[in-house]
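In each ligand, atom 1 is the first atom listed, and ligand 1 is the first ligand listed.
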Amino acid sequence: MTFTLPKDRLRLAIQKSGRLSTDSLDLLKACGIKVKSAKEKLLLHADNFPIDILFVRDDDIPQLVMDGVCDLGIVGQNVLEEAALERRSAGTAGGYEVERSLDFGSCRLCIALPEERAYTSVQDLAGQRVATSYPQITKRYLEQKGVKAEVVQLSGSVEIAPRLGLADVICDLVSSGSTLEANKLRAVETIFKSTAALIRNQRPLNPEKAHALEIVLRRLDGVQKAAGTKYIMLHAPKASLEQIKKFLPGSENPTVLPLAGDDTKVAVHAVCSEDVFWETMESLKQAGASSILVLPIEKMML
Ligand code: ATP
Ligand code: ZN
């Protein structure tokens with residue numbers, strides 16, 4: 001029996017051009033979904049899977065999914081949370097569900113202030129002007145802390161607001177911290193931690209689309225699981241086999257095979273659910289292992 005794909009097509013929104021674009025496309029590719037590069041196109045049909053990809057600004061993705069224009073979206077949880085809070089405060093209907101947190105786009109929304117300013121606690125923000133592109137998340141945080149401050153909404157270049165005299169402090173996204181450093185700012189509070197996420201419209205999908213989504217999720221889980229997993233192969237003296245097994249990180253039942261031409265040793269193959277570090281390999285070697293190979297795993301289906 002051959003595997004047949006559903007006919008009805010899912011629609012997925014991803015960022016057209018920005019920090020999440022390459023990782024989103026790479027993830028689709030790793031899930032076996034082929035889309036040709038789309039510099040000028042807004043909508044692309046995958047050739048080998050019932051999914052159409054819509055390329056948009058990241059800020060539009062939550063709304064497209066919540067309104068049901070797209071079934072799925074890949075977006076930063078920071079943008080998602082801000083949009084959800086805004087909808088809630090406006091009383092607009094339409095919900096979403098986070099299907100999976102993804103392992104890219106990681107960043108933090110931080111309150112930062114000019115380097116030279118003293119800071120002891122969040123209470124120091126009382127009466128200050130806070131510039132941000134995330135007014136909802138920022139206001140919620142300040143309210144939760146019982147701090148009365150003025151939130152100034154800016155759509156970009158938030159980090160220069162203190163220098164321009166537009167605000168006293170900022171609340172902005174940070175990943176490495178180099179942008180803050182370049183602008184002589186320092187982060188003092190993290191108010192939201194984010195990664196990209198795969199989201200879907202809350203309403204149930206029709207059976208065809210639900211089936212297609214099930215396949216996507218299974219592949220995605222396989223890709224994500226494989227990313228943290230390694231295949232390790234080594235030769236072990238029979239006498240130290242038990243000790244060597246103990247050093248294999250996160251492997252349950254290694255395969256032990258005879259070695260042709262040497263009955264004092266065996267070959268050990270194991271799937272390790274954790275990264276294999278040099279230190280682990282050195283411990284294995286010390287325990288008597290030799291010919292140690294560590295290989296990446298591309299896909300997994302358990
Ligand atoms: P668009 O043109 O689509 O509106 P943008 O300029 O708003 O793009 P990007 O800068 O490409 O957005 O960031 C997209 C997402 O990447 C952010 O919302 C966030 O989830 C994630 N991200 C990760 N690291 C950072 C960072 N250091 N600064 C900003 N965003 C980051
Ligand atoms: Zn944006």
Side-chain angles (χ1 to χ4, degrees), residues 11-28 35 37-44 53-67 69-70 72-87 96-113 115 130-141 151-163 167 169-200 220 224 227:
R11 191 181 288 169
L12 165 73
I14 66 170
Q15 190 185 23
K16 184 173 172 63
S17 146
R19 291 173 203 260
L20 305 179
S21 309
T22 309
D23 285 326
S24 302
L25 281 171
D26 285 352
L27 182 63
L28 293 177
V35 279
S37 163
K39 278 281 166 285
E40 59 305 319
K41 281 208 175 151
L42 184 65
L43 186 69
L44 268 189
I53 319 288
L54 188 67
F55 294 86
V56 291
R57 287 199 56 190
D58 68 341
D59 314 68
D60 295 333
I61 295 173
Q63 196 176 347
L64 288 166
V65 174
M66 287 192 251
D67 288 343
V69 178
C70 293
L72 303 168
I74 295 179
V75 66
Q77 298 189 50
N78 50 313
V79 170
L80 184 63
E81 184 75 359
E82 181 68 19
L85 291 174
E86 198 172 311
R87 281 209 159 207
Y96 67 90
E97 270 169 37
V98 173
E99 280 290 355
R100 297 290 186 275
S101 280
L102 304 173
D103 55 10
F104 58 85
S106 100
C107 57
R108 316 174 274 137
L109 189 58
C110 290
I111 297 193
L113 40 89
E115 271 168 1
V130 189
T132 185
S133 307
Y134 297 87
Q136 300 287 341
I137 303 179
T138 307
K139 279 182 198 159
R140 179 180 64 183
Y141 175 78
V151 173
V152 182
Q153 183 171 357
L154 295 180
S155 55
S157 306
V158 172
E159 64 281 359
I160 59 167
R163 252 187 298 149
V169 304
I170 67 165
C171 183
D172 203 10
L173 291 178
V174 179
S175 50
S176 70
S178 55
T179 310
L180 288 186
E181 214 174 294
N183 287 284
K184 300 201 178 323
L185 298 167
R186 69 182 170 111
V188 290
E189 303 284 350
T190 294
I191 73 167
F192 191 84
K193 284 193 182 147
S194 179
T195 61
L198 174 71
I199 59 166
R200 57 167 284 195
L220 200 150
Q224 290 214 325

Engineer: So if I count the atoms of ligand 1 from 1 in the order they appear, which ones are less than 4.0 Å from some heavy atom of D59?
Structural biologist: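 That gives atoms 4 (O), 7 (O) of ligand 1.
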
Engineer: With heavy atoms of G105 as the reference, note each atom of ligand 1 found under 4.0 Å away.
Structural biologist: 21 (C), 23 (C)

Engineer: Got the closest protein heavy atom to atom 18 (O) of ligand 1, with its distance?
Structural biologist: N78 ND2, 3.0 Å

Engineer: Counting non-hydrogen protein atoms only, what is the nearest one to atom 6 (O) of ligand 1? Give residue, atom name and distance.
Structural biologist: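 Going atom by atom, the protein heavy atom closest to atom 6 (O) of ligand 1 ends up being Q15 NE2, 4.9 Å.
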
Engineer: Working to the nearest 0.5 Å, report the span between CD1 of I199 and CE of M66.
Structural biologist: 6.5 Å

Engineer: Quick one: nearest non-hydrogen protein atom to atom 27 (N) of ligand 1, plus distance?
Structural biologist: S175 OG, 2.7 Å

Engineer: Between the main-chain N or O of Q77 and the side-chain N or O of S194, is there a donor-acceptor pair closer than 3.5 Å?
Structural biologist: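 Side chain of S194 to backbone of Q77, a donor-acceptor pair under 3.5 Å: yes, one is there.
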
Engineer: Is there at least one pair of N or O atoms, one from R19 and one from ligand 1, spaced under 3.5 Å apart?
Structural biologist: yes

Engineer: Determine, counting only non-hydrogen atoms of the protein, whether one lies under 4.0 angstrom from atom 9 (P) of ligand 1.
Structural biologist: yes

Engineer: If you round to the nearest 0.5 Å, how far is SG of C110 from CG of D172?
Structural biologist: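 If we round to the nearest 0.5 Å, D172:CG and C110:SG are 9.0 Å apart.
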
Engineer: Between the side chain of R19 and the main-chain N/O of G105, is any donor-acceptor distance below 3.5 Å?
Structural biologist: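 Between the backbone of G105 and the side chain of R19 there is no qualifying donor-acceptor contact (under 3.5 Å).
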
Engineer: Atom CZ of residue position R200 - does it have more than 12 heavy atoms of other residues, nucleotides or ligands inside 6.0 Å?
Structural biologist: yes

Engineer: Looking only at protein heavy atoms, which one is nearest to atom 30 (N) of ligand 1, and how far off is it?
Structural biologist: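 Protein heavy atom at minimum distance: L173 CD1, 3.3 Å.
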
Engineer: Hey, does T179 have a side-chain heavy atom less than 4.5 Å from the side chain of L173?
Structural biologist: no

Engineer: Does a salt bridge link D67 with R87, judged by any charged N lying under 4.0 Å from a carboxylate O?
Structural biologist: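 Salt bridge: yes.
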
Engineer: Does a side chain donor of either Q15 or S24 reach within less than 3.5 Å of an acceptor in the other side chain?
Structural biologist: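 No, no side-chain donor-acceptor pair sits under 3.5 Å.
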
Engineer: What protein heavy atom is closest to atom 2 (O) of ligand 1, reported as residue, atom name and distance in Å?
Structural biologist: R57 NE, 3.5 Å

Engineer: Could you tell me which atoms of ligand 1, counted from 1 in the order shown, lie closer than 4.0 angstrom to a heavy atom of G18?
Structural biologist: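 Matching atoms, with element in brackets: 11 (O).
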
Engineer: Checking E82 side chain against I137 main chain: does a donor-acceptor pair fall under 3.5 Å?
Structural biologist: yes

Engineer: Taking 4.0 Å as the limit for heavy-atom contacts, which would you say applies to L20 with ligand 1: side chain only, backbone only, both, or neither?
Structural biologist: side chain

Engineer: When you look at CD of Q63, are more than 12 heavy atoms from neighbouring residues, nucleotides or ligands closer to it than 6.0 Å?
Structural biologist: no

Engineer: Can you check whether Q77 has an N/O within less than 3.5 Å of an N/O in ligand 1?
Structural biologist: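 For ligand 1, there is no N or O atom that lies under 3.5 Å from one belonging to Q77.
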
Engineer: So, of the N/O/S atoms that D58 has, which is the nearest one to the Zn ion (ligand 2)?
Structural biologist: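 D58's closest N, O or S atom to the Zn ion (ligand 2) is named OD1.
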
Engineer: Looking only at heavy atoms, is any part of V79 under 4.0 Å from ligand 1, and if so is it the side chain, the backbone, or both, or is it neither?
Structural biologist: side chain

Engineer: So which N/O/S atom does D59 have closest to the Zn ion (ligand 2)?
Structural biologist: OD1

Engineer: Nearest 0.5 angstrom please: E81 CD to Y134 OH, how far?
Structural biologist: 11.5 Å

Engineer: What protein heavy atom lies closest to atom 24 (N) of ligand 1? Include the residue and the distance to one decimal.
Structural biologist: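 Protein heavy atom at minimum distance: C107 CB, 3.5 Å.
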
Engineer: Any idea which atoms of ligand 1 are less than 4.0 Å away from a heavy-atom of G76?
Structural biologist: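 Numbered from 1, ligand 1 contributes 20 (O).
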
Engineer: Would you mind checking which non-hydrogen protein atom is closest to atom 7 (O) of ligand 1, with the distance to 0.1 Å?
Structural biologist: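 For this ligand atom, the closest protein heavy atom is D58 OD1, 3.3 Å.
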
